[in-house]
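This report refers to the structure that appears directly beneath it.
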Amino acid sequence: MKDYHFTAVLPDVARDSIEKILKEYLVLGKETISIYEAGNRFASQDYFSVNTCPPVDVAAMDGYAVNAQETYDATDAQPKMIQNFEVVQTGHSIKSFDAVVPFEEAQKEDGGIKIFKSYYPRQNVRLKGEDVQRGQVIVKKGELLTEFEQVYLKAGGYREVEVFKMPRLVFLPTGDELVDVIERENQLVEFNSVLFSSLLKKYGFDISIFEPAPNDIAELTGRIETLLEKYDILFINGGSSKGDMDLTAEAVSRLGEVIVHGVAIKPGKPTIIGRVNKKLVMGLPGYPVSMFFAVKELFLKAFFNAYNLNPKQKTIWALLERRLFSDIGAEEYIRVSIENDQGRNLARVLKRGASVISSLKRADGYIVIPVNADLLEEGSLVEVKLI
Ligand SMILES: Nc1nc2c(c(=O)[nH]1)N[C@H]1C(S)=C(S)[C@@H](COP(=O)(O)OP(=O)(O)OC[C@H]3O[C@@H](n4cnc5c(N)ncnc54)[C@H](O)[C@@H]3O)O[C@H]1N2
Ligand code: MOO
């Protein structure tokens, strides 16, 4: 008889098992690419600046380089004439001078300049090395490169960067009802693949999406075997729980082993972690929100840990708008929007249903309620992970 009973392992146990499977077969290669192509990729080595930027003290404005000391006591009422100066353009060396008087603040007269106020040393000057110092670490191994790391690398003297080659992920939706365009009753648009690929592209994964597989065990096992010949990690979406049409666990166990079926996270409980021909196969719940959190909080966390990758997770602190109950025994992800209430951040709790994509669109982020907590009081200070 089919086993409908659902047990669940703790989320950390699930992450550890993903990490263990990955480390047994998947080594990340490296490749050198242009700085311009390096957005959303992880650096595979530390980078130290070759350049000092600016290389010398330079003018921050077009004007006259002067010695600040000679300008002291100049006022509108008692301007001062300065003979010792040099015309400089923005970015040019100020040589032995230490301040710059912008053109518009001085009058040129009889070979000298007349000034109307005093200037302090380093005024309108960019100091040598104030942005980048030669030898300074500019990017660390495992750092996710955004436009800011890219520009810093270029300024530091690099035109190419060595990054980790990311694995080839494949996404296989399942379900007879899934189509691209609805033509009949009982059909649904397949859209989880969009969420999946956009989320994972932020981390530079190589992603392939396939046509939905029908609810047929022979067809599903055949598709899994074929896909695993080419791809590194397989994600099967839908059919992960224990209904009569839910075939993912059965297919994975026929071809390899199901290591985890059921994780104490909410949403996302029916997640499957399996191994076929050494490779990681994950069964992701069909509900979009459940799928999102299974990928973000289980797969990605485990993956980053396995390969020492450190993308920044931006967070903000907010006050919880109302009392919140949670299931003890499950790590729960609560979507919130952030509102400003008299200068304070207020976290407003959004719909908790796992099938509601509108709640993801409305959300600014989410709160993680740990496994052992069942209540958060109104007004508690909570950390919101931004999405
Ligand atoms: N008796 C039980 N039923 C369910 C349980 C349970 O413990 N006992 N768990 C529920 C939970 S929790 C979740 S989450 C869902 C997800 O389970 P499945 O992975 O089997 O999801 P499906 O039934 O295949 O799909 C759910 C829903 O989502 C639609 N879907 C699926 N894939 C896509 C896609 N690629 N794009 C758009 N929409 C998709 C699908 O058509 C269904 O409407 O199970 C509960 N049930
Ligand atoms: O675990 Mo399900 O993902 O709550 O709807």
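Whatever order the structure lists them in is the order used to number ligands and atoms, beginning at 1.
In this structure, K269 has no heavy atom closer than 4.0 Å to ligand 1. Ligand 1 lies nowhere less than 4.0 angstrom from a heavy atom belonging to K242. A heavy-atom separation below 4.0 Å is not found between P267 and ligand 1. Ligand 1 has at least one atom lying under 4.0 Å from a heavy atom of G239.
The side-chain heavy atoms of F299 and L200, taken from C-beta on, include a pair separated by under 4.5 Å. Side-chain atoms of P102 and N124, non-hydrogen and from C-beta on, do get closer than 4.5 Å to each other. The side-chain heavy atoms of W317 and N345, taken from C-beta on, include no pair separated by under 4.5 Å.
Judged by distance alone, the side chains of T32 and E160 never bring a donor and an acceptor atom under 3.5 Å apart. Between the side chains of Y119 and E105, at least one donor N or O sits under 3.5 Å from an acceptor N or O.
Not one N or O of L178 is nearer than 3.5 Å to an N or O of ligand 1, by distance alone.
Residue F196 is tested with F191, F205, F235 for a ring-ring contact (aromatic ring centres under 6.0 Å, His included); the sole match is F235.
Residue-level proximity to ligand 1 for F6 is carried by the side chain, the only part with a heavy atom below 4.0 angstrom. Contacts between P270 and ligand 1 below 4.0 angstrom, taking non-hydrogen atoms only, involve the side chain exclusively.
Residues of the protein with a heavy atom under 4.0 Å from ligand 2 are P267, G268, K269, P270, Y287, S290, A354, listed by chain and number.
With sequence neighbours left out, K351 forms a salt bridge (Lys or Arg N to Asp or Glu O under 4.0 Å) with no residue at all.
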